[in-house]
2 protein chains.
Amino acid sequence: MRLSIASWNINSVRLRIDQVIRFLDLARPDILCLQEIKCQNGEFPRKAFEEAGYPHILVTGQKGWHGVALVSKLPFETNEILPFCRRGEARVQGIKAAGIDLWNFYIPAGGDVPDREANDKFDHKLEFYERLTAYLKSRNPDAPLLIAGDLNIAPGENDVWSHRQMLKVVSHTPPELEAFANLMDAGGFHDAFRELWPEPQKLFTWWSYRAADFRKSNRGLRLDHLLINPALKARITSPIAAIIHDRVREWDRPSDHAPIQIEFDL
Amino acid sequence: MRLSIASWNINSVRLRIDQVIRFLDLARPDILCLQEIKCQNGEFPRKAFEEAGYPHILVTGQKGWHGVALVSKLPFETNEILPFCRRGEARVQGIKAAGIDLWNFYIPAGGDVPDREANDKFDHKLEFYERLTAYLKSRNPDAPLLIAGDLNIAPGENDVWSHRQMLKVVSHTPPELEAFANLMDAGGFHDAFRELWPEPQKLFTWWSYRAADFRKSNRGLRLDHLLINPALKARITSPIAAIIHDRVREWDRPSDHAPIQIEFDL
DNA sequence: GTCTGAGTAG
DNA sequence: CTACTCAGAC
């Protein structure tokens, strides 16, 4: 079977429901992982997704901030509780579909000051990574796993518009780069995007709203990821397609994140 | 010459600039008086009015609340300072166009409690009426004058959906009705709307946002007025046309006020 | 119900 | 820059 998974930090699903449906109609992933839905469970626009052909829906919302959701053409099970967010915010989902564990994360952004003592948000972010990394070490590595979402770290020199300037900015500071590397090591993850577009090519999934013309300044970051563990990689029988839908960032009143998508045969 | 004057409480001119231009294109008044523009002078969308054929613009704005503006096909002079608002808020404009004095007012709404002692906003409203009435008594009555705007009083029994219930509600309380009557007496004003649609016909220019269907409940008030003094009346050589553009209140995300317009030959 | 401001977050 | 909350106004 062919499987296609997408992920998108939508920055308010109610405000951008038309754009999400438009994206689904053009990209037709089997499963879409959403982050920053910014609504409570009862406020999620289920009907629009059902009508678009995505009847299987899991919403993990809260009032106002954060919130993740998963909409799927395929049925899925929810059987795992993933205790990575110490504040219990709506940032984590774990499902099993087509025999694969799929985790959808909106990892904390981490505030402005890259100092765990002075800035509790930064500490919260790194602790999320630490908990996730530790969990992976004790998890059965033979179970196929895909991690999707806004991980809020740009891990490589070419995942930021300026490595030198960004080393001081939360999302690309040394402790974050180390946390991301530790995660990759612990899970043995494969990054299909970087495989397809090798260094030193720049890859971005996010561009600030503050730039008048994000294409012109192109000061982006690669904060969104789809990570494949070795057990899943071993089951894939085709080349892995991976695409950043950066044209979507050009739409009218867009999210500041572009959707990302991977596709492969099992 | 034929002269056409309109008035509209727009409830944020930046949010509804498309609707204002649409209204100008359909009604083509020579001068439009706006109230509740809710912006500072530099934030007023001058260009849209200029492109619509209204190059003469006077903006009296402030941050966030209130604010009045006047856009005109005809040139005008601004020569009079009208000291009716004791708080110095952006609620008053006076110009002279086509030999006529035109005053554009956004008179204070007056808060909830109809008691001058307990509610300073109510006192402020009545003092505005008192100052205006006193000023008219000392003004040269031979100068043609038109008062336009949201005067925030529904003066007659048939200017409210329920005279009995509204007598307790600010906009139609006895001291306000008296203040309005004193104003009309002092200026000798002619109300072209009531002339054209005599009692007991209901006339409304405002409907609350809270009603699901304002047409169905039709709990409106006549708060907006265009008042003609005797010297102006004497110069008018045609019947006076007067229309409440209540269809505009049906537009998508409308102001809670409808535009009003009068037209006559001089 | 629909605006604006201030504060918070990204 | 854009989104959310909440309060204040009408």
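Letters go in sequence order (proteins before strands), and every chain restarts at 1.
- Not a single donor-acceptor pair, N or O on each side, falls under 3.5 Å between the base of C/dC3 and the side chain of B/R253.
- At the heavy-atom level, A/R14 lies nowhere under 4.0 Å from the strands shown.
- Using a 4.0 Å heavy-atom criterion, one finds that B/F214 contacts no nucleic acid atom at all.
- Among the nucleotides C/dA9, D/dC1, C/dG1, the one closest to the side chain of A/Y209 is D/dC1.
- The closest donor-acceptor contact from the side chain of B/H225 to the backbone of B/A154 lies at 3.5 Å or more, if one exists at all.
- Rounded to whole Å, atom P of C/dT2 lies 11 Å from atom CG of B/N11.
- In this structure, CD of A/Q40 is placed 12 Å from C1' of D/dT5, rounded to the nearest angstrom.
- The nearest whole Å value for the distance from the CD atom in A/E89 to the P atom in C/dG10 is 9 Å.
- Note on A/K63: every side-chain N or O is 4.0 Å or more away from OP1 and OP2 of D/dT5.
- For the pair B/I37 CD1 and C/dT2 C1', the interatomic distance rounds to 18 Å; values are reported in whole Å.
- C/dC3 atom P lies 12 Å from atom CG of B/N9, rounded to whole Å.
- Closest-nucleotide positions on DNA chain D for A/G64 and A/R210 were compared, and the one nearer the 5' end corresponds to A/R210.
- What separates NZ of A/K38 from C1' of C/dG10 is a distance of 7 Å, to the nearest Å.
- Side-chain atoms of A/R222 do not come within 3.5 Å of backbone N or O of A/T205 as any donor-acceptor pair.
- We find that NE2 of A/H124 is positioned 15 Å from C1' of C/dG10, with the value rounded to whole Å.
- Nucleotide D/dA3 holds its P atom 9 Å from the CG atom of A/D256, rounded to whole Å.
- No donor-acceptor pair under 3.5 Å is formed between the side chain of A/D150 and the backbone N or O of A/W8.
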Full working for ring-ring contact (aromatic ring centres under 6.0 Å, His included) between B/F204 and B/W161: CA-CA 8 Å; B/F204 306 144; B/W161 61 276; 8.8 Å; no
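- A sub-4.0 Å separation between OP1 or OP2 of D/dC4 and a side-chain N or O of A/S12 is present.
- Under a 3.5 Å cut-off, the side chain of B/R91 and the backbone N or O of B/C85 do not form any donor-acceptor pair.
- Nearest to the side chain of B/W65, among C/dT2, C/dG5, D/dC10, sits C/dG5.
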